[in-house]
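Counting starts at 1 for both ligands and their atoms, in listed order.
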Amino acid sequence: MKVHIIGSGCPDARAERYGSAFLLDIGADSLLIDCGPATTYKMARMGLAATQVGHVFLTHHHFDHNADLPCFVLTRWDQSKGTEPPLQLYGPPLTRRFADLLFGEAGAFAPDLKSRVEHPASHECHRQRGGVMPRPGLSLDAHDVGAGKVAEAKNWSATATQVHHVEPTLVSLAYRFETAEGSVVFAGDCADCDALRQLARGVDTLVIACTHFGAPPASPAIVDVITGTPEVSEIANETGARRVILTHASPSYAVPGVRERAVADIARSYGGAILFPSELDTIDIGGKGNAER
Ligand SMILES: [Zn+2]
């Protein structure tokens, strides 16, 4: 099992980090968790194709987590041969509406979809890629989901819980994936909360925001909506997570040595593996974590 770090930054566009997105490879299945800005392009830079993804899980509808969804969905459809199963899209309330406003009959991309389905030049491009005719339209199943089991396949199951972030303006979810190779939680954006602690109990790998760190203390308004080093330490210890992967790094982490300071901060009280990868890194999470330290 591998996790590809596609986006591990903030809404602030930086060359080294921008937005949130992760690709989780479980056997032959590839699951996309969040689809922040430039996800499709950054996947291409990593040699990852949109067509290999069958399931997308959105944690919430802040644009640093969903802004590339139209690009990703349209690229996957355009490059498909037409024989692939429909893309399954899961997210909190607003997800179906979001998909409908983009791809529905009156959606923003409806004219482009119609043009590519009907125009002879698009038919030729489709045939040259090995596509079958007549060219099928976009096939997307969007699901509004909440706490509980949200999806299941032969090799994995996905469970969600509602976490504390910026409700009631937006609902935010965290997801846990159970596989034969271990478990992984994507916390999404959230502060320290009981729901996350319950979802992450005993997990092998916890992918969690580490937006702020150490002294001086971050603003209470920030700590109230997203985790930093003190909260990551407490959550990792309390849940018994074997490995943490830190993400959602603020631009201050671009200064040399700051990432190392954040890892050292957490390591003072947490004995599991602590990874703070760069974007476009790929991490093997098939093992049980502690071997890394
Ligand atoms: Zn957010």
Side-chain angles (χ1 to χ4, degrees), residues 3 5-14 16-24 31-39 42 56-72 89-99 101-102 142-147 150 158 160-176 184-197 199-200 206-213 218-232 235 244-254 262 276-277 279:
V3 61
I5 312 297
I6 299 164
S8 64
C10 286
D12 187 336
R14 300 292 178 118
E16 59 279 352
R17 292 182 195 268
Y18 189 17
S20 280
F22 307 92
L23 193 72
L24 179 64
L31 285 51
L32 184 64
I33 295 91
D34 279 339
C35 195
T39 290
K42 287 189 276 184
V56 178
F57 297 83
L58 298 177
T59 60
H60 64 302
H61 287 285
H62 270 151
F63 81 85
D64 52 323
H65 295 253
N66 70 9
D68 204 56
L69 190 77
C71 187
F72 172 81
L89 171 67
Y90 307 90
L94 300 180
T95 298
R96 287 180 60 180
R97 178 172 175 269
F98 190 70
L101 288 169
L102 292 168
H143 312 268
D144 287 358
V145 299
V150 298
T161 196
Q162 187 177 329
V163 290
H164 171 51
H165 183 41
V166 294
E167 69 281 10
T169 55
L170 291 174
V171 172
S172 296
L173 301 177
Y175 293 99
R176 178 169 178 143
V184 52
V185 163
F186 293 85
D189 283 4
C190 67
D192 188 0
C193 58
D194 286 344
L196 177 63
R197 288 180 178 223
L199 186 76
L206 173 60
V207 182
I208 186 166
C210 190
T211 302
H212 52 89
F213 62 96
S219 147
I222 304 294
V223 174
D224 184 53
V225 299
I226 200 155
T227 47
T229 52
E231 297 80 35
V232 171
I235 295 165
V244 293
I245 296 177
L246 308 178
T247 182
H248 215 296
S250 56
S252 56
Y253 284 103
F276 204 152
E279 276 193 3

Salt bridge (charged side-chain N to carboxylate O under 4.0 Å, His left out) partners of Asp12, counting only residues at least two apart:
Arg14
Closer than 3.5 angstrom, by distance alone: can the side chain of Asp34 be matched with the main-chain N or O of Thr59 as a donor-acceptor pair?
yes
For Tyr253, what residues pass the ring-ring contact (aromatic ring centres under 6.0 Å, His included) criterion, not counting sequence neighbours?
Phe213, Phe276
Quick check: do Phe57 and Val150 have side-chain heavy atoms less than 4.5 Å from each other?
yes
Hey, what's the ring geometry for Phe98 with His61, parallel, tilted or perpendicular (30° and 60° as the breaks)?
tilted
Sorted by chain and number, sequence neighbours left out, ring-ring contact (aromatic ring centres under 6.0 Å, His included) with His60 holds for His62, His65, His165
Going by chain and residue number, what protein N/O/S atoms come nearer than 2.8 Å to the Zn ion (ligand 1)?
His60 NE2, His62 ND1, His165 NE2, Asp189 OD2
